[in-house]
Peer 1: 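Below: one structure in structure tokens.
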2 protein chains.
Amino acid sequence: MDRREEEFLAAYDPRAYDPVAVAIDVVALTIRDGALNVLLVQRGAPPQEGMWALPGGFVKNTRDETGAVRPEGLDEAAARELAEETGVRADALERVHLEQLAAYGAPGRDPRMRVVSVAYLAFAPEMPEPRAGSDAADAVWTPVGSLGLTGTGAQRPGTTRRLAFDHSVILTDGLERARSKLEYTALATTFCAPEFTIPELRAVYETVWGEELHAGNFHRKVLSVPGFVESTGTTSERGGRRGGPRARLYRPGDARLLHPALLRPSREEEIR
Amino acid sequence: MDRREEEFLAAYDPRAYDPVAVAIDVVALTIRDGALNVLLVQRGAPPQEGMWALPGGFVKNTRDETGAVRPEGLDEAAARELAEETGVRADALERVHLEQLAAYGAPGRDPRMRVVSVAYLAFAPEMPEPRAGSDAADAVWTPVGSLGLTGTGAQRPGTTRRLAFDHSVILTDGLERARSKLEYTALATTFCAPEFTIPELRAVYETVWGEELHAGNFHRKVLSVPGFVESTGTTSERGGRRGGPRARLYRPGDARLLHPALLRPSREEEIR
DNA sequence: TCAATAGTGTCTATTAGACAGTATTTT
DNA sequence: AAAATACTGTCTAATAGACACTATTGA
């Protein structure tokens, strides 16, 4: 760094600009009782107190091991928010997939000030009931079907849990990303236990996509994709709930992308 | 809004938090002389003065038609930055595709302060040589091949145009997004003139993907995807540069997504 | 015993890709 | 005339999806 640059930085005043805040919001998805659920917190403080929202908060400065103040990376902040709001420890987060979704910065989306929110998408296996974090009055897994989302990100009138800010838009985007990711990545396995059966994996696809799949063709297809799943050599304890043989158990394979992909059956409408 | 919420907002002090800035950076891609080019500006002021960077800047408050101050949406800010740095007027921007790429917020990525940058990706047809905007010493279309990008987003030593901040990472992400988008969307046509031939469209794919495609199979495949292109009934003025018949001219069709998709031939390596 | 389910076999339509062939243009 | 190129035809392998069938389990 040259002399001129040093002088510039010494004279730079970060507070000379309009204040903007950067927040993180997490769309955390899991499957409970055969339905797709999203983690919601009930706001315990203004603004929009009492409404439901995606877990999140402002990006902070954290202290590292030596106690020094250190700003937080975005991914790091998202993992922290998720851990705080779900009450899971960091080691349990290892089995959670977390990726950036998008940034939202429409003027007026937060009444306090200009807030740009970086949204994250999380895929989690079955998790314990969350405990409410610091700013939240309550935290629960909520079936997304109960939120009355329309295709455009609005909520149908009469829905009991109204989402704060533009969170219904963020959730809608997250759901579409999740549905799309199941097509060409192996991420469906992150919704499953460490060992799972092909029918369980199929249930993940059916739940996220919201449509039934042909059991026989799905089975053959999953096994034909190199690296998607890996046999454990064992079988499940029980057969299907209403009968049927015990299914073989599999582990996630080493493939990140699926080739060929598993495409959703009914996408004809949304092509144009 | 209830009483309590009003009181809260009146007492809220946005400057009580650590200052953060939100910037926009644009990865603007076009094809010139058969090579993929990205728009770069040479920084005319510290920090990193003299280095090359993606066009961008801080999100501002703008004045609307009535002269009232109004904060800017992110998409709006990206379009403004692109227009300012390329010197194209808003109407020419209509033929440019602009989409959000990702947010970048690693601590220390900007020496001035905490900066979270929302990156955008733009696909443009052939455009005039840009004129340098306000903060830039120069602005040029640069072949991406000349930037010595490695797979991880670093630049090879000895590259003449070094990119400022983490812009080589952003550019690498933008290139991968562009390559991927050509597979399943009809966006390749946004690199072309309003009327184009199938061989011209093939050149777009070959340039962005960096590999040669089979002319005959590509031709048949493009015509087989419903809504990808639409015949104009006319033919080009000239044949191929070194001989061959005149090609028929097409317009972009009404499809947004390609079904079936045009997949890159050589993705075997990156699957795991 | 009956119904449901796991897993496999088979058939057909669609698609990807290799290769060949013809007509048309530039040099 | 020669070379390049636009486009079309044809063949093969891979894939998607429908349907059928057997074996095994729970109720």
Side-chain angles (χ1 to χ4, degrees), chain A residues 34 182-184 192 195-206 209 211-226 228-229 231-250 255 257-268 271, chain B residues 34 182-184 192 195-206 209 211-226 228-229 231-250 255 257-268 271:
Chain A
L182 290 205
E183 292 192 305
Y184 60 94
C192 297
E195 297 195 345
F196 54 87
T197 67
I198 304 287
E200 282 165 0
L201 187 63
R202 177 163 48 85
V204 170
Y205 277 89
E206 291 178 332
W209 284 350
E211 49 192 328
E212 298 214 333
L213 301 174
H214 187 287
N217 289 340
F218 180 87
H219 193 108
R220 183 159 12 85
K221 173 122 200 180
V222 166
L223 295 183
S224 80
V225 176
F228 191 1
V229 298
S231 177
T232 64
T234 57
T235 62
S236 54
E237 291 289 310
R238 281 183 42 100
R241 358 195 135 178
R242 284 173 294 183
R246 301 177 181 188
R248 293 197 264 259
L249 285 167
Y250 295 85
L257 299 177
L258 303 184
H259 187 78
L262 278 105
L263 299 177
R264 277 175 278 183
S266 57
R267 287 206 317 165
E268 304 306 324
I271 287 176
Chain B
L182 290 205
E183 291 191 307
Y184 61 94
C192 297
E195 297 194 349
F196 52 87
T197 67
I198 304 288
E200 282 166 0
L201 187 63
R202 175 163 49 86
V204 170
Y205 276 90
E206 291 178 334
W209 284 351
E211 48 190 329
E212 298 213 335
L213 301 176
H214 185 287
N217 289 341
F218 180 86
H219 194 107
R220 187 161 4 89
K221 171 122 201 181
V222 166
L223 295 183
S224 79
V225 177
F228 192 0
V229 298
S231 176
T232 65
T234 58
T235 62
S236 54
E237 292 287 311
R238 282 184 40 102
R241 357 195 134 180
R242 287 173 291 185
R246 300 177 180 185
R248 294 197 263 261
L249 284 167
Y250 295 86
L257 298 176
L258 303 183
H259 186 77
L262 278 104
L263 299 176
R264 277 174 279 185
S266 57
R267 287 205 317 164
E268 303 307 322
I271 286 177

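Order of the sequence lines fixes the chain letters, A, B, ..., with proteins taken first and strands second; residue numbering starts at 1 for each chain.
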Peer 1: Taking Y205(B) for the side chain and L182(B) for the main chain, is one N or O donor matched with an acceptor at less than 3.5 Å?
Peer 2: yes

Peer 1: Tell me, please, which residues at least two apart from E206(A) pass side-chain contact (heavy atoms from CB on, under 4.5 Å).
Peer 2: R202(A), E212(A), L213(A)

Peer 1: Just how far, in rounded Å, is P of dA4(C) from NE2 of H219(A)?
Peer 2: 21 Å

Peer 1: Checking E183(B) side chain against A261(B) main chain: does a donor-acceptor pair fall under 3.5 Å?
Peer 2: no

Peer 1: Rounded to the Å, how far apart are H259(B) NE2 and dT15(D) C1'?
Peer 2: 12 Å

Peer 1: Measure CZ/F218(B) against C1'/dA18(C) and give the value in whole Å, please.
Peer 2: 17 Å

Peer 1: To the nearest angstrom, how far is L223(B) atom CG from dG9(D) atom C1'?
Peer 2: 15 Å

Peer 1: Please answer whether the main-chain N or O of A247(A) pairs with a side-chain N or O of S236(A) as donor and acceptor at a distance below 3.5 Å.
Peer 2: yes

Peer 1: How close or far is atom P of dT5(D) from atom CG of L213(B), stated in whole angstroms?
Peer 2: 15 Å

Peer 1: Looking at E237(A) and R246(A), does any basic side-chain N land under 4.0 Å from a carboxylate oxygen?
Peer 2: no

Peer 1: I need a per-nucleotide contact map over nucleotides 17-27 of chain D, read 5' to 3'. Cutoff is protein heavy atoms under 4.0 Å; write B for the base, S for backbone only, - otherwise.
Peer 2: BBB---BBBSS

Peer 1: Does A203(A) have any side-chain contact (heavy atoms from CB on, under 4.5 Å) partners at least two apart in sequence or in another chain, and if so, which?
Peer 2: none

Peer 1: Verify the contact: side-chain N or O of R248(B) to OP1 or OP2 of dT8(D), cut-off strictly under 4.0 Å; return yes or no.
Peer 2: yes

